[in-house]
Participant: 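Take a look at the following structure, please.
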There are 2 protein chains.
Amino acid sequence: MSDSNSTGPARPTGPTGPASPATLAAPVASADAAVRDAQDRFIAAWAQMGSAWGIPRTMAEVHALLYIHGEAMNTDDVMARLAVSRGNVSMTLRALVDWGIVFRVHHRGDRKDYFVAEQDVWKLFRTIIRERKKREFDPLLDALRDCRDLGGAARAPAGREHTARVDELLDFIEMVDRISERFISPTGIGLQVAARLLGKVS
Amino acid sequence: MSDSNSTGPARPTGPTGPASPATLAAPVASADAAVRDAQDRFIAAWAQMGSAWGIPRTMAEVHALLYIHGEAMNTDDVMARLAVSRGNVSMTLRALVDWGIVFRVHHRGDRKDYFVAEQDVWKLFRTIIRERKKREFDPLLDALRDCRDLGGAARAPAGREHTARVDELLDFIEMVDRISERFISPTGIGLQVAARLLGKVS
DNA sequence: GTTGGATTTCAGAAACGATTGAAAATTGGA
DNA sequence: TCCAATTTTCAATCGTTTCTGAAATCCAAC
């Protein structure tokens, strides 16, 4: 059941019909199959990475599919390709749009919504980092500052040691924070510069 | 039950008995309570961050406790402080030791095992990055290379576009890989250099 | 070799997050 | 305005991961 329907309903991307000459049919089909296998491999790898980093498997799969497919797909395309439910695809696509790494596009004369993934890898990672920083990093910094102040109120040695430990962590995380801020800044030149400079150090 | 045993079995670090003068008992108790509250806050914040990044909650909590407590603790200390089962603590401590961010120490004349967390924040993050790179990044790179070769075998335009997309991602990830390698290298000077340089760029 | 405290293991339970599917809401067109 | 296609929502379900607790194992001291 895995291969039989794979060449069927899963490529409704509009004008690129399967109307190629019969002489090319067999080679094209095998080339398509090869590409599809490679896509599957890509999707699996990306999903595995995602779930190791706290991203729901399906969300990573949908993103991987849209990225590697390159062209816009609609809900039904994604459902058919990944075999997940309509509701799940709907929620997942919305989440990806919220993250800013997938965009909703409209095709004239088609009431369906289509979705494309950000194709610029640098922009992709800048966006991901910006979001994760906002959602996880900044709250952690706030909590650590609270926590330092809480323990710092105590004059006992234990309190001072506590504060020192929190401070060490805080300093480090604030540094990472500043670096990531530079990376995600509009010009986004930070990491490129860093990469170049690091490359030169022996 | 939270405060009463805090001065009891929770600091078994040898000869430092609870023999402080009665005149200091009240202030010290309140200072201890403040520190404990601050520790709790720290543990909660660290656990939240951890679970956003795919680390089991208990594992993050145990690590946070050992880090913020600073001194060695045994299984019973951790069980009592975090209210988790013996089995869970045992498995979690083993995992933390495997990660290399917690160490097993022995106290003479005590058959229990004690555990301390790495206190050097730079070393801590270097170790974490080294492990995550090894466990997640490197396999992803391998999979992406496979996947590029798979799709690249097809000469069809779709195959070439596929390969181009995988390559873009691969280039980016390889760059991050090289940076992280520099960061985790024995001297570990990489990020410090980057931080300094980035700090100077306007 | 035996004892007894400490640790580890692991099958089952509990908790949690992910997924479904059908009903409700929305939307563009007639 | 109404209709039909499409999307969204959400309670129920499912599957996975995590946690427990007691039994098995380990190990230092005697």
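Residue numbers start from 1 in every chain, and the chains themselves are labelled A, B, ... in the order their sequence lines are given, proteins ahead of strands. Scope of the values below: all heavy atoms of this structure, side chains included, with no hydrogens, waters or symmetry mates. All of these numbers come straight from a predicted model, not from anything done at the bench.
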Participant: On the six-membered ring of B/Trp53, is A/Arg132 placed so that its NZ or CZ lies under 6.0 angstrom from the centre and within 45° of the ring axis?
Facilitator: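 Cation-pi check for A/Arg132 and B/Trp53: passes.
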Participant: When you measure from the side chain of A/Arg165 to the backbone of B/Ile68, do you find a donor-acceptor pair of N or O atoms at a distance under 3.5 Å?
Facilitator: yes
Participant: Is it true that B/Arg126 and B/Glu131 make a salt bridge, defined as a side-chain N closer than 4.0 Å to a carboxylate O?
Facilitator: no
Participant: Below 30° counts as parallel, above 60° as perpendicular, anything between as tilted: where do the rings of B/Phe172 and A/Trp122 land?
Facilitator: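 Answer is perpendicular, since the angle exceeds 60°.
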Participant: Going 5' to 3' along DNA chain D, between which two nucleotides do contacts with chain A fall, using a heavy-atom cut-off of 4.0 Å?
Facilitator: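 Result: D/dA4 to D/dC10.
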Participant: Specify the separation, in whole Å, of atom CG of B/Asp76 and atom C1' of C/dA6.
Facilitator: 9 Å
Participant: Looking at residues 85-96 of chain B, who's got a heavy atom less than 4.0 Å off DNA chain D?
Facilitator: B/Ser85, B/Gly87, B/Asn88, B/Met91
Participant: Can you pull every protein N or O that's under 3.5 Å from an N or O on nucleotides 26-30 of chain C?
Facilitator:
from   : atom 1 : to       : atom 2 : distance (Å)
C/dT27 : O2     : A/Arg111 : NH2    : 3.0

Participant: Do the side chains of A/Met73 and A/Tyr114 get nearer than 4.5 Å, heavy atoms only?
Facilitator: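 A side-chain contact under 4.5 Å is absent here.
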Participant: Please check this pair: side chain of A/Arg148 against backbone of A/Val166, looking for a donor-acceptor N/O pair closer than 3.5 Å.
Facilitator: no
Participant: Do the side chains of A/Arg81 and A/Asp40 get nearer than 4.5 Å, heavy atoms only?
Facilitator: yes
Participant: Quick check on side-chain contact (heavy atoms from CB on, under 4.5 Å): which of B/Leu93, B/Val105, B/Val62, B/Val78 does B/Phe115 satisfy it with?
Facilitator: B/Leu93
Participant: Is it the case that the side chain of A/Thr92 and the backbone of A/Val89 share a donor-acceptor pair, with hydrogens and angles ignored and the cut-off at 3.5 Å?
Facilitator: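 Side chain of A/Thr92 to backbone of A/Val89: no pair is present.
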Participant: Given side chains that start at C-beta, do those of A/Asp177 and A/Glu181 come closer than 4.5 Å, heavy atoms only?
Facilitator: yes
Participant: Between the side chain of B/Asp77 and the main-chain N/O of B/Asn74, is any donor-acceptor distance below 3.5 Å?
Facilitator: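 Flag set: sc B/Asp77 to bb B/Asn74 pair under 3.5 Å.
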Participant: Short question: side chain of B/Gln119, backbone of B/Tyr67 - any donor-acceptor pair under 3.5 Å?
Facilitator: yes
Participant: Which residues pass the salt bridge (charged side-chain N to carboxylate O under 4.0 Å, His left out) test with B/Arg111, not counting sequence neighbours?
Facilitator: none
Participant: Whether A/Arg135 engages the ring of A/Trp99 as a cation-pi pair (distance to the six-membered ring centre under 6.0 angstrom, angle to the ring normal within 45°) should be assessed.
Facilitator: yes
Participant: Between B/Arg86 and B/Asp76 (salt bridge meaning N to carboxylate O under 4.0 Å), is one present in this structure?
Facilitator: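 The answer is yes: the pair qualifies as a salt bridge.
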Participant: Among residues 52-59 of chain A, which contact DNA chain C at a heavy-atom distance under 4.0 Å?
Facilitator: A/Pro56, A/Thr58
Participant: To the nearest 10 degrees, how far apart in direction are the end axes of the helix from C/dG1-D/dC30 to C/dA30-D/dT1, each fit to five base pairs?
Facilitator: 20°
